[in-house]
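Beneath this line is the structure, given in structure tokens, with notes to follow.
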Amino acid sequence: MKYIGVFDSGFGGLTILRGIKKKMPYYNYIYLGDNARAPYGSRSPDLVFEFTRQAVDFLFKNKCEIVILACNTASSEALRKIQQEYLPQNYPDKKVLGVLIPASEEAVVKTINKRIGVIATEGTVKSRAFVREIKKLEPEAKVFQVACPLLVPLVEAGKQNSKLADLMLGDYLKPLLKKRIDVLILGCTHYGLLEKKIRQIIGPKIKIISEAPVVADKLKDYLKRHKDIEEKIGRDGKIIFYSTDLSDKFQKLGSKFFGQKIKNYIAHL
């Protein structure tokens with residue numbers, strides 16, 4: 001029995017898994033959160049690659065057939081190297097996909113004035129991965145990025161509905177509004193929990209690209225086109241949760257991100 005693996009540096013990827021599970025409830029899934037070493041946003045690219053490599057290794061050894069990097073920092077800093085170097089040498093028959101390209105594709109489809117905003121972690125912004133992917137699809141697009149280092153700690157502290165969240169989001173979004181963007185990518189899985197507040201600040205006209213529904217749609221399409229992978233995945237609707245830090249916090253906060261109570265096991269990477 002094989003699984004679809006979903007990896008994130010912490011809790012945010014549970015929103016991606018939630019979206020995938022909603023779209024495809026019949027498959028078996030394994031989720032891995034490296035919350036002992038989170039956040040990844042301010043880590044060096046080499047360290048992000050090493051942590052991501054360890055996570056991918058863990059998931060493949062635990063019978064995953066395909067792995068989704070539900071972490072924008074891992075997708076921007078490690079995915080290409082994982083796909084081009086690590087997989088061919090170690091797991092030539094396995095696949096690893098990220099969240100960044102699906103969000104970029106959706107933004108290009110939705111924009112009218114070709115002015116796209118991105119809010120993300122420092123690591124993702126520095127990598128310019130969103131800029132690179134969007135420009136590949138639409139060379140005339142203008143991409144405006146803002147790093148939001150305080151949002152992940154805010155959400156993980158459970159303060160996404162606070163006045164402090166309003167103030168922070170106002171500061172981060174103001175420069176993008178001045179650029180007359182018509183699409184905003186939420187370039188971190190945590191930011192989905194702030195979407196309502198973001199909508200209140202930016203108004204009704206700017207389209208928001210939230211990764212959970214986009215990634216779910218793209219993965220469903222990918223599996224349709226790759227029957228060799230799809231046919232190996234178990235269909236018992238089973239989900240196993242792992243984290244690198246076995247604490248009450250993962251179960252309490254993780255349950256909020258996932259939308260239902262979860263129980264996790266310890267993962268030694």
Practice task
Scan residues 15-42 for pairs that pass ring pair (Phe, Tyr, Trp, His ring centres under 6.0 Å), counting only residues two or more places apart or in two chains.
Solution key: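 Passing the test, one end in residues 15-42: Tyr40-Phe51.
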
Handout entry: Pairs meeting criterion ring pair (Phe, Tyr, Trp, His ring centres under 6.0 Å) with involvement of residues 65-94, two or more places apart
Key =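 For residues 65-94, and leaving out neighbouring residues, the ring pair (Phe, Tyr, Trp, His ring centres under 6.0 Å) pairs sorted by first residue read Phe60-Tyr91.
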
Taking every non-hydrogen atom, the tightest pair across [X] and [Y]:
| X | Y | answer |
| --- | --- | --- |
| Ala74 | Val48 | CA-CG1, 3.9 Å |
| Ile181 | Ile206 | O-CG1, 3.6 Å |
| Ser9 | Cys71 | OG-SG, 3.9 Å |
| Ala107 | Ile185 | CB-CD1, 3.6 Å |
| Ile229 | Lys95 | CD1-CG, 3.5 Å |
| Gly19 | Ala216 | O-CB, 3.4 Å |

Would [X] end up clustered with [Y] when hydrophobic side chains under 4.5 Å apart are linked, directly or stepwise?
| X | Y | value |
| --- | --- | --- |
| Phe130 | Leu79 | no |
| Leu151 | Val118 | no |
| Val6 | Ile233 | yes |
| Phe11 | Phe241 | yes |
| Phe7 | Tyr3 | yes |

Handout entry: CZ (Arg128) with more than 12 external heavy atoms under 6.0 Å
Key =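 No - once you tally the heavy atoms of other residues, nucleotides and ligands closer than 6.0 Å, there are 12 at most.
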
Problem - NZ/Lys94: more than 12 non-hydrogen atoms of other groups inside 6.0 Å - result: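 For Lys94, atom NZ is crowded (more than 12 foreign heavy atoms under 6.0 Å).
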
Handout entry: Close aromatic pair by centroid cut-off 6.0 Å: Tyr242 and Phe58
Key =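 Yes: the rings meet the under 6.0 Å criterion.
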
Mind checking salt bridge (Lys or Arg N to Asp or Glu O under 4.0 Å) for [X] and listing every partner two or more places apart, or none if nothing turns up?
| X | result |
| --- | --- |
| Glu138 | Lys114 |
| Lys207 | none |
| Arg53 | Glu50 |
| Asp171 | none |

Exercise for the section: Inspect the contact between Glu106 and Lys110 and indicate whether a charged nitrogen and a carboxylate oxygen are less than 4.0 angstrom apart. Expected result: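 A salt bridge is present here (some side-chain N lies under 4.0 Å from a carboxylate O).
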
Problem - Polar side-chain atom of Asn72 near backbone of Gly187 as donor-acceptor pair, under 3.5 Å - result: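 Yes, Asn72 side chain to Gly187 backbone: donor-acceptor pair under 3.5 Å.
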
Practice task
Verify, without hydrogens or angle tests, whether Arg43 (side chain) and Ala38 (backbone) share a donor-acceptor contact under 3.5 angstrom.
Solution key: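 Here the side-chain-to-backbone pair does not exist.
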
Pairwise distance [atom1]([X]) to [atom2]([Y]) - rounded to 0.5 angstrom:
| X | Y | atom1 | atom2 | value |
| --- | --- | --- | --- | --- |
| Arg235 | Met1 | CZ | CE | 13.5 Å |
| Ile134 | Lys136 | CD1 | NZ | 11.5 Å |
| Leu150 | Met168 | CG | CE | 4.5 Å |
| Glu211 | Ile68 | CD | CD1 | 12.0 Å |
| Ile201 | Asp166 | CD1 | CG | 6.0 Å |
| Asp217 | Ile20 | CG | CD1 | 10.5 Å |

side-chain contact (heavy atoms from CB on, under 4.5 Å) partners for [X], two or more places apart:
| X | result |
| --- | --- |
| Gln160 | Val155, Leu193, Leu194 |
| Lys135 | Val131 |
| Ser76 | Leu100, Thr124, Ser127, Ala129 |

Min side-chain heavy-atom separation [X]-[Y] under 4.5 Å:
| X | Y | result |
| --- | --- | --- |
| Met24 | Leu219 | yes |
| Asn62 | Leu32 | no |
| Ile240 | Asn28 | no |
| Asp8 | Ile16 | no |
| Leu223 | Ile4 | yes |
| Ser162 | Leu154 | yes |
| Leu186 | Ile119 | yes |
| Asn35 | Thr244 | yes |

Problem - Derivation and outcome, salt bridge (charged side-chain N to carboxylate O under 4.0 Å, His left out), residues Glu231 and Lys2 - result: CA-CA 9 Å; Glu231 287 169 359; Lys2 301 285 187 173; over 6 Å; no

Practice task
Start with the C-alpha distance between Leu184 and Leu173, add both sets of side-chain angles, then the distance that settles side chain to side chain contact (heavy atoms under 4.5 Å, CB included), and finish with yes or no.
Solution key: CA-CA 10 Å; Leu184 175 66; Leu173 293 167; 3.8 Å; yes

Problem - Sequence neighbours excluded, every pair satisfying side-chain hydrogen bond (donor to acceptor under 3.5 Å, both in side chains) that has a member inside residues 174-193 - result: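 side-chain hydrogen bond (donor to acceptor under 3.5 Å, both in side chains) check on residues 174-193 returns Thr111-Asp182, Glu156-His190.
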
Listed pairs under 3.5 Å, donor-acceptor, residues 256-269 side chains, sequence neighbours left out:
| residue | atom | partner | partner atom | Å |
| --- | --- | --- | --- | --- |
| Asn264 | OD1 | Gln251 | NE2 | 3.0 |
| Asn264 | ND2 | Ser243 | OG | 2.5 |

Exercise for the section: Could you give me the CA-CA distance, side-chain angles and deciding distance for Ile208 and Ile202, then say whether side chain to side chain contact (heavy atoms under 4.5 Å, CB included) is met? Expected result: CA-CA 9 Å; Ile208 294 175; Ile202 68 174; 3.7 Å; yes

Exercise for the section: Check which hydrophobic residues are tied to Val125 through side-chain heavy-atom contacts below 4.5 Å, counting indirect links as well, and list them. Expected result: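 Via sub-4.5 Å side-chain contacts, Val125 links to none.
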
